[in-house]
Amino acid sequence: MERTWTNARLATMAGNGLGVIEDGVVAARDGVITYAGPRAGAPVATGESVDCGGRWITPGLIDCHTHLVHAGDRSGEWAMRLAGASYEEIARAGGGIVSTMRATRATSEADLVAIALPRLDALLAEGVTTIEIKSGYGLTVADELKMLRAARSLDDQRRVRVATTLLGAHALPPEYAGRPDDYVALVTEEMIPAANGLADAVDAFCEGIGFSPEQTGRVLAAARQAGLSVKLHAEQLSALHGASLAASFGALSADHLEYADEADAKAMAAAGTVAVLLPGAFYFMRETKLPPVDLFRAHHVPIAIATDCNPGTSPTTSLPLMLNMACILFRLSPEEALAGVTVHAARALGLTDRGIIATGLRADLVCWKIAEPAELAYRIGGDMNCGVVRGGRVAQWPS
Ligand code: DI6
Ligand code: FE
């Protein structure tokens, strides 16, 4: 199947900056871009041709850090937090990650898929064409695999690329209370081998309330041994140099990073590890420590932005809203924010076939009704009314 989009302003995101091509044309055959450039050099269109009316086209957006698959509800716990309850009080009252774990364990794979689909559809409607989804609310071998299978099957349901990540080391399940090393052994000896073929990467929560750097190191080593990529929740609430640890394992990304320092930035730069910033969690937690964006810039660490969609700290399904928050809260430029959900987000997932508009890459495109690319980060959410092409197929096209 051949399709051509004409009369478009392209923000290809190739090279440094937006990579703008005025009066641009994109052609695709069998889901792959065969031409992207000015009209003057475009081949004669043979298949279906779409006039974009001068609108902007960007690469499909990539949400490179989500916990989209989960059951249960935490809004009551949030109301308690607003009224002043501490994290420990909430945990004692049965809240926190363990409450989502209980609900997720009690939910079938098919029901997890049904619950996740509306969240996925909200993201897709605003231009997401690739999404990463983590496990981490099962915390048994069977329940983690159930979450990964549910995440993988969203792939077929919506013809979207789902990258899956095993986050078995997310929290200590209650049955392992006081025995964290036994749980880490379950993750390294059973979960990681069992997840081979179902997970693209392995992640862990390296934090005072999660797993120590030493325990995290065991998880990442087992992942590398199994041939899986690694990512890490690091420096979200405290400085443990998890980001440096992740870099020492050649991690694709270290995520959150509010408490990262220059040594972390240098280690990440040397390893090619992407800094994934999660402004939704920063906002929702009323965090005041800003991630060291200037250090990442100074050391040329690529910066990605994601929703962190999860029920405890970032209950959002809008990636454009995260662009706005990244600019307002973290002082990214609109261009940096857009690179953070396209070219750098692809890199955070180790995907080399997307993230920019170029010949030979996947035809994942979004056609926006905007005056300038900055408008994508300017709006505080709202209906983006965009046209979306996933793998060369038109998934939606606005009137
Ligand atoms: N960091 C977070 O912000 C989430 N997980 C993590 O490792 C919180 C997940 C939750 O509260 O359910
Ligand atoms: Fe997360």
Side-chain angles (χ1 to χ4, degrees), residues 63-78 80-81 85-88 90-91 93-105 115-116 119 131-139 143-144 147 151 163-173 187 201-213 215-216 219 230-238 240 242-243 246 251-260 274-287 289 291 304-317 319 322 325 345 348-349:
D63 193 353
C64 67
H65 179 143
T66 86
H67 309 252
L68 194 87
V69 170
H70 61 263
D73 179 82
R74 304 256 293 275
S75 55
E77 162 188 321
W78 175 69
M80 284 168 64
R81 248 167 51 191
S86 71
Y87 188 88
E88 287 72 23
I90 286 165
I97 292 175
V98 167
S99 111
T100 304
M101 177 209 77
R102 285 204 183 88
T104 303
R105 282 184 181 176
I115 293 168
R119 296 180 194 131
I131 180 174
E132 185 257 15
I133 301 177
K134 300 175 196 297
S135 66
Y137 291 118
L139 310 183
D143 289 302
E144 287 293 299
M147 287 189 73
T164 51
T165 302
L166 174 69
L167 180 56
H170 190 196
L172 192 64
V187 174
V202 172
D203 191 349
F205 189 26
C206 183
E207 193 56 67
I209 59 165
F211 295 88
S212 71
Q215 291 162 341
T216 300
V219 172
V230 303
K231 309 172 77 67
L232 192 64
H233 282 71
E235 268 70 57
Q236 181 185 7
L237 308 169
S238 60
L240 298 177
L252 290 174
S253 71
D255 305 38
H256 285 290
L257 300 173
E258 280 82 346
Y259 289 82
V274 176
V276 177
L277 304 186
L278 304 166
F282 177 94
Y283 163 81
F284 201 75
M285 298 295 280
R286 289 209 184 103
E287 180 59 68
K289 177 95 170 71
I305 305 293
T307 61
D308 196 15
C309 170
N310 81 70
T313 64
S314 192
T316 178
T317 47
L319 196 51
M322 297 305 107
M325 287 190 179
L349 296 178

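Both ligands and their constituent atoms are indexed starting at 1 by order of listing. We use all heavy atoms of the structure for the numbers below, so side chains are in, but hydrogens, waters and symmetry mates are not.
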Do His256 and His65 have side-chain N/O donor and acceptor atoms under 3.5 Å apart? no
Polar contact flag, side-chain donor to acceptor under 3.5 angstrom, Thr66-Glu132: no
Can you give me the closest heavy-atom contact between Ala71 and Ile115, atom names plus distance? CB-CD1, 4.2 Å
Mind checking whether the Fe ion (ligand 2) has an N, O or S of Asp308 under 2.8 Å? yes
Report all protein residues having a heavy-atom distance below 4.0 Å to some atom of ligand 1; order the list by chain, then number. Arg74, Ile97, Tyr137, His170, Phe205, His233, Gln236, His256, Asp308, Asn310, Gly312, Thr313
At the Fe ion (ligand 2), what is the angle formed between atom NE2 of His67 and atom NE2 of His65, rounded to the nearest 10°? 100°
Given side chains that start at C-beta, do those of Arg81 and Met285 come closer than 4.5 Å, heavy atoms only? yes
Could you state the interatomic distance from CG (Asp203) to OG (Ser253), rounded to the nearest 0.5 Å? 7.0 Å
Whether Ser135 side chain and Leu167 backbone form a donor-acceptor pair below 3.5 Å: yes
Parallel, tilted or perpendicular: which fits the ring planes of His170 and Tyr137, with parallel below 30° and perpendicular above 60°? perpendicular
